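Here's the structure, in structure tokens; my notes come after.
Bear in mind the structure is a predicted one, so any value in this text is a computation, not a measurement.
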Amino acid sequence: MSLKEEEVAWVARGVWNPKDFVYVITSMSCPGPSTAIIVGEGRFKGEVDGVWHEHRYVSSNVLLLYSGRWRPAISHISGERSERVAR
């Protein structure tokens, strides 16, 4: 567990290239006509304090259809893992 301020500071120190980001949807369901639940795994590489890591996490996201557009309502991230990698 960590504080939001610690996480924001960690992200601010890192170098991240959005081209490295990959999000793979593993599950999608629509329990109603205006609700969608998407589950997937995100992966990206980043540098913190001169050391490169590959980060992985699982997220679940709830989207609601509002005025003809899908809008995010809730998102949850868990299972974050990080391992050292070559650049």
Side-chain angles (χ1 to χ4, degrees):
M1 184 180 299
S2 60
L3 298 174
K4 178 180 176 182
E5 292 80 12
E6 293 170 350
E7 295 298 319
V8 170
W10 178 81
V11 170
R13 286 194 313 270
V15 176
W16 180 56
N17 179 349
K19 294 177 191 170
D20 292 336
F21 180 76
V22 175
Y23 186 79
V24 177
I25 295 173
T26 57
S27 171
M28 185 178 341
S29 63
C30 295
S34 62
T35 305
I37 301 170
I38 300 171
V39 178
E41 180 183 69
R43 293 182 183 197
F44 63 94
K45 291 182 182 175
E47 181 183 12
V48 178
D49 300 327
V51 179
W52 282 84
H53 291 82
E54 181 179 59
H55 304 278
R56 296 178 180 188
Y57 66 90
V58 174
S59 71
S60 54
N61 307 279
V62 176
L63 299 153
L64 300 176
L65 186 59
Y66 180 76
S67 296
R69 295 184 63 191
W70 288 100
R71 309 241 181 196
I74 301 169
S75 183
H76 178 266
I77 293 175
S78 62
E80 195 277 332
R81 298 183 312 268
S82 178
E83 62 184 50
R84 194 174 185 157
V85 294
R87 185 177 183 185

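Each side-chain hydrogen bond (donor to acceptor under 3.5 Å, both in side chains) pair with one or both residues in residues 30-43, not counting sequence neighbours, appears once here: E41-R43.
If you chain together hydrophobic residues whose side chains sit under 4.5 Å apart, V62 and I77 never meet in one group.
Closest non-hydrogen pair, Y23 versus S59, comes out as OH-OG, 2.8 Å. The two atoms that bring R84 and V51 nearest to each other are NE-CG1, 3.5 Å, heavy atoms only.
Taking 4.5 Å as the limit, every side-chain heavy atom of S78 sits out of range of all side-chain heavy atoms of E80. Counting heavy atoms from C-beta on, the side chains of M28 and I37 never come closer than 4.5 Å. Using a 4.5 Å heavy-atom cutoff, the side chains of L63 and I38 are in contact.
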May I have the list of side-chain donor-acceptor pairs in residues 65-75 shorter than 3.5 Å, sequence neighbours left out?
from: S75; atom 1: OG; to: N61; atom 2: OD1; distance (Å): 2.7

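Residues that satisfy the side chain to side chain donor-acceptor pair (under 3.5 Å) test with E5, not counting sequence neighbours, are absent from this structure.
Note: F44 CZ to Y57 OH = 7.0 Å, rounded to the nearest 0.5 Å. Interatomic distance, R81 CZ to E83 CD, rounded to the nearest 0.5 Å: 8.0 Å.
The backbone N or O of V39 lies less than 3.5 Å from a partner atom in the side chain of T26, making a donor-acceptor pair.
Taking the six-membered ring for Trp, W10 and H55 have ring centres closer than 6.0 Å.
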